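Input: a single structure, listed below in structure tokens.
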2 protein chains.
Amino acid sequence: MTRDEIAGLLERRRLSVTAQRLEIAELVLEKPQHLSADQILAGMRARGSRVSKATVYNTMKAFSEHGIVRTVEVDPQRQYYDSTSAPHHHFYNVDTGELIDIPPEAVELDVKTGLPARTEPAGVDVVIRVRGVGS
Amino acid sequence: MTRDEIAGLLERRRLSVTAQRLEIAELVLEKPQHLSADQILAGMRARGSRVSKATVYNTMKAFSEHGIVRTVEVDPQRQYYDSTSAPHHHFYNVDTGELIDIPPEAVELDVKTGLPARTEPAGVDVVIRVRGVGS
DNA sequence: TTCTATGCAAAGACTTTGCATGCTG
DNA sequence: CAGCATGCAAAGTCTTTGCATAGAA
């Protein structure tokens, strides 16, 4: 994804385009991945971009609120940001902490219960926990 | 659930039987529910039992490691302990934070993808997020 | 120029830990 | 009586916030 494409993405959501947001997006959206705030911060440092921790949190919060990324709750210790914002599911390796995407077509789900009264659907998350050394 | 039944439950798992554990279990296992550590602490206070926060955390950790309760990760801010340890799923109201059980029979799940290499299944969690005032 | 983003450090929420004391087995 | 559980406070993580400065529109 080029800088211009990312800039357009931000503009479409009325998010102001800043150097930090461009660089964070570049890093995060580079490929399908699951990153914690600290990993993003480390990645920024590694590529020579200086950003504060607060900006990483603020930016990722804005990105997730605007559908650019998704958050994944599996680890009680920290939040993960998922660069794939389209609906999909996950394998979660409880031993290694590794998260692996499952394409939505690979999961067939049939819920035979109505939604709670006066609520509307907001999304479905399937997490398949696995144990082992992983690949 | 009587005190004796709970005591037997603890003994079977080789957990030593203490007054605090009996009372926490009595409170938590009273009915199907989802409680945070703070809610458990408040519940203990309300019933006139004095326990420290550390003991609540230690006890619930022991209980979850021994299959007496389950933990639910949906709220990035805190962990919930689910008094229903048998497999089941959840509705999660993102507006109110409310968690509602879904019996396992009500969910039919077919995953057409193999597990990651060298891993074995450890459980499946389906979380259906809903929005609204709730019932 | 006006409003929002950034950076830093401080504050906050939740959870864990260290250690002395008490209770279980 | 040996060993684990408890309580308290302190320490630790992750995340948010306050405020002054810098940058976007």
Side-chain angles (χ1 to χ4, degrees), chain A residues 3-4 6-28 34-45 48-66 68-69 71-81 97, chain B residues 3-4 6-28 34-45 48-66 68-69 71-81 97:
Chain A
R3 294 227 153 193
D4 281 356
I6 293 171
L9 191 69
L10 296 178
E11 279 162 4
R12 248 172 283 128
R13 329 242 162 164
R14 308 271 139 69
L15 289 172
S16 45
V17 178
T18 69
Q20 287 84 347
R21 288 181 175 176
L22 283 173
E23 291 178 354
I24 290 175
E26 214 166 34
L27 172 72
V28 171
H34 309 86
L35 299 171
S36 67
D38 264 340
Q39 289 174 323
I40 294 171
L41 191 58
M44 293 295 282
R45 298 268 152 82
S49 316
R50 52 159 194 16
V51 207
S52 73
K53 186 176 287 198
T55 296
V56 171
Y57 277 106
N58 287 337
T59 299
M60 295 315 291
K61 186 177 184 184
F63 283 7
S64 60
E65 283 171 358
H66 288 80
I68 295 175
V69 301
T71 60
V72 187
E73 328 291 345
V74 279
D75 185 334
Q77 296 313 299
R78 86 201 86 248
Q79 189 152 35
Y80 282 98
Y81 300 99
Chain B
R3 295 225 153 195
D4 281 357
I6 293 172
L9 191 70
L10 296 178
E11 279 161 3
R12 249 173 282 128
R13 327 241 164 166
R14 306 273 138 68
L15 289 172
S16 44
V17 178
T18 70
Q20 287 84 345
R21 288 181 176 177
L22 282 175
E23 290 178 355
I24 291 175
E26 214 165 34
L27 172 72
V28 171
H34 309 87
L35 300 171
S36 68
D38 265 340
Q39 290 174 321
I40 294 171
L41 192 58
M44 293 294 282
R45 298 270 151 80
S49 315
R50 52 157 194 18
V51 207
S52 72
K53 186 176 286 199
T55 296
V56 171
Y57 277 106
N58 287 337
T59 299
M60 294 315 291
K61 186 176 184 186
F63 282 6
S64 61
E65 283 170 359
H66 288 79
I68 295 175
V69 301
T71 60
V72 187
E73 329 290 344
V74 279
D75 185 336
Q77 296 314 298
R78 84 201 88 249
Q79 191 151 34
Y80 283 98
Y81 300 98

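Owing to the predicted nature of the structure, the values given are computational and were not obtained by experimental measurement. All chains are named by letter (A, B, ...) in the order of the sequence lines, taking the proteins before the strands, and each is independently numbered beginning at 1. Note that these values count all heavy atoms, side chains included, but never hydrogens, waters or copies made by symmetry.
- Atom CZ of B:F63 is separated from atom CG of B:L9 by 8.0 Å, given to the nearest 0.5 angstrom.
- The nearest heavy atom of DNA chain D to A:D38 and to B:Q20 marks one nucleotide each, and the one closer to the 5' end goes with B:Q20.
- None of B:V74, B:V69, B:D75 except one satisfies the side-chain contact (heavy atoms from CB on, under 4.5 Å) rule with B:V72; the exception is B:V74.
- Comparing C:dG7, C:dT15, D:dG7 by their nearest atom to the side chain of B:Q79 picks out C:dT15.
- Counting to the nearest Å, the P atom of D:dT15 and the CG atom of B:D75 are 12 Å from each other.
- Spacing between atom CG of A:L41 and atom C1' of D:dT13 amounts to 15 Å, rounded to whole angstrom units.
- Nucleic acid contact class of A:T59 (heavy atoms, under 4.0 Å, all strands): sugar-phosphate only.
- Annotation: the span from B:R21 atom CZ to B:N58 atom CG amounts to 8.5 Å, rounded to 0.5 Å.
- Rounded to a whole Å, the CD atom of A:E23 is 17 Å from the P atom of C:dA5.
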Mark up nucleotides 17-25 of chain D, 5' to 3', with B wherever a protein heavy atom is under 4.0 angstrom from a base atom, S wherever such an atom reaches only the sugar-phosphate, and - elsewhere.
B------SS

Candidate pair B:I68 and B:L15, rule side-chain contact (heavy atoms from CB on, under 4.5 Å), full reasoning:
CA-CA 11 Å; B:I68 295 175; B:L15 289 172; 4.0 Å; yes

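- What separates CZ of A:R14 from P of C:dA5 is a distance of 14 Å, to the nearest Å.
- Nucleotide D:dA5 holds its C1' atom 19 Å from the CZ atom of B:R13, rounded to whole Å.
- Spacing between atom CD of B:Q39 and atom P of C:dA13 amounts to 16 Å, rounded to whole angstrom units.
- Using modelled atom types, no side-chain atom of A:R78 and backbone atom of A:S36 make a donor-acceptor pair closer than 3.5 Å.
- At the phosphate of C:dA5, OP1 or OP2 sits under 4.0 Å from a side-chain N or O atom of A:R21.
- Across the protein-nucleic acid pair, B:M44 atom CE and D:dT6 atom C1' stand 12 Å apart, rounded to whole Å.
- Defined by atom type and a distance below 3.5 Å, a donor-acceptor pair is missing between the side-chain atoms of B:Q20 and B:T55.
- A close approach under 4.0 Å does not occur between any side-chain nitrogen or oxygen of B:Q77 and OP1 or OP2 of C:dG12.
- With a 6.0 Å radius and a threshold of 12 heavy atoms from other residues, nucleotides or ligands, B:R50 has its CZ atom at or below the threshold.
- Taking atom CZ of B:R50 as the reference point, atom P of C:dT21 lies 17 Å away to the nearest angstrom.
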